[in-house]
Amino acid sequence: MNFYNRDFLKLLDYSEQEILYLIQLAMEFKKKKKMGKKHDYLKGKNVVLLFEKDSTRTRCAFEVGAMDLGMGVTYLGPTGSQMGKKESIKDTARVLSRMYDGIEYRGFDQAIVEELAKYSSVPVWNGLTNEFHPTQMLADIMTMYENFGSVKGRKLVFLGDARNNVGNSLMVICSKLGIDFCCCAPSELFPNSELVSQCRKFAEAQGSKILLTEDVHEGLKGASVVYTDVWVSMGEDDSLWKERIKLLTPYRVTSELMSLANEDAIFLHCLPSFHDINTKIGKEIHDKFGITEMEVTDEVFESDQSKVFDEAENRLHTIKAVMYATMKK
Ligand code: CP
Ligand code: NVA
């Protein structure tokens with residue numbers, strides 16, 4: 001398996017074997033980290049992290065991952081660099097490639113990260129765009145492996161805004177790995193039909209299914225993984241909250257909904273999550289619309305079925321695996 005100098009932009013570009021290899025590598029890095037074994041295999045190299053949107057997990061996973069591998073790291077946030085304002089993506093890519101050995105990008109259109117990669121001579125990693133969130137997926141599937149030992153033939157149901165980066169990416173990775181994917185949402189929020197057709201081809205080759213349904217009973221039946229995400233994503237307009245709350249309240253992951261899934265089902269969420277009103281936005285939504293929980297109840301979030309913090313930790317190991325695989329000769 002040779003990933004040297006390859007970009008990691010979306011999972012549509014990666015095969016089942018390649019995805020599984022990266023997850024296996026992440027598991028090895030996790031073991032090394034737990035045992036306190038040094039793994040600074042990329043000493044002397046440097047990476048730059050470009051964030052046009054906020055982040056906790058992705059940024060920290062790239063920073064700690066790079067430092068564990070012995071590398072230097074530069075973080076460029078939404079303000080403070082010339083990118084996009086005085087300097088095009090094409091020029092930014094060519095400048096940064098002369099100084100760094102790898103570039104992470106989080107921002108808006110997928111086309112931006114694709115362009116960055118086109119003009120960069122070093123690997124570019126997608127840390128989230130409006131369309132896709134591929135590094136998140138590796139951590140999610142790794143968490144499934146840790147809980148079930150295998151993933152093929154299991155069913156993952158995503159409830160919520162299924163057209164967002166996480167919903168799209170889950171459909172892609174599930175169909176590539178032979179996991180039944182169910183999008184359980186109002187039809188207005190189903191993923192775009194072109195991507196669905198593309199994924200159906202992968203699923204057919206695997207003998208797995210893609211189901212789009214508005215019915216929570218149908219959606220949750222036989223599910224091993226119940227997954228949700230915020231109802232309004234970064235970069236979307238705040239005016240959407242009202243409509244999304246109305247559309248998605250029936251899809252809030254409650255204990256009642258969890259009981260419709262398999263008894264040993266786990267709950268996953270990419271985070272951050274609005275499961276209480278201990279956040280600025282959570283409080284504002286509460287004051288405006290009177291709700292105390294959004295996509296998941298606090299009860300489910302804090303339950304034994306919830307594996308969200310293992311999932312968050314696995315961001316580190318999987319992102320480290322992606323950097324290592326694409327940078328090590
Ligand atoms: N899940 C995730 O990408 O989290 P951050 O936005 O904190 O990076
Ligand atoms: N769909 C969310 C994911 C955050 C990790 C967003 O884009 O805001």
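Side chains are part of it too, since the values below use all heavy atoms of this structure and drop only hydrogens, waters and symmetry mates. For ligands, and for the atoms within them, numbers begin at 1 and follow the listed sequence.
- The side chain of Leu128, and not its backbone, has at least one atom closer than 4.0 Å to an atom of ligand 2 (non-hydrogen atoms only; side chain from C-beta on).
- Checked by atom type, the side-chain pair His269/Glu295 shows a donor-acceptor distance below 3.5 Å.
- Near Ser233, the atoms of ligand 2 lying under 4.0 angstrom from a non-hydrogen atom of the residue are 1 (N), 2 (C), 6 (C), 7 (O), 8 (O).
- For the residue pair Asn164 and Asp229, a side-chain donor N or O sits within less than 3.5 Å of a side-chain acceptor on the partner.
- Scanning all protein heavy atoms for the shortest distance to atom 3 (C) of ligand 2 gives Asp229 OD2, 3.6 Å.
- For the pair Ser55 and ligand 1, the shortest N or O to N or O distance falls below 3.5 Å.
- Residue, atom and distance of the protein heavy atom nearest to atom 7 (O) of ligand 2 are Asn165 ND2, 2.9 Å.
- At least one test fails for Lys10 against the ring of Phe132: distance under 6.0 Å to the centre or angle within 45° of the axis.
- Protein heavy atom in closest approach to atom 8 (O) of ligand 2: Met234 N, 2.8 Å.
- Between Phe3 and Tyr324, the distance from one ring center to the other does not fall under 6.0 angstrom.
- Counting the atoms of ligand 1 from 1 in the order shown, those under 4.0 Å from a heavy atom of Arg315 are 1 (N), 2 (C), 3 (O).
- At a 4.0 Å cut-off, at least one heavy atom of Leu271 sits close enough to ligand 2 to count as contact.
- Of all the atoms in ligand 1, the ones that sit under 4.0 Å from a non-hydrogen atom of Thr56 are 5 (P), 7 (O), 8 (O).
- Considering only non-hydrogen atoms, atom 6 (O) of ligand 1 lies nearest to Arg106 out of Glu311, Lys53, Arg106, Arg57.
- Environment of CE in Met67: crowded, with over 12 heavy atoms of neighbouring residues, nucleotides or ligands closer than 6.0 Å.
- His275 and Phe301 have parallel rings, their planes meeting at less than 30° on a 0 to 90° scale where 60° marks the start of perpendicular.
- In terms of polar-atom proximity, Leu271 is counted as a contact of ligand 1, with an N or O under 3.5 Å from an N or O of the ligand.
- Here's the thing with Cys270: one of its N/O atoms is less than 3.5 angstrom from an N/O atom of ligand 1.
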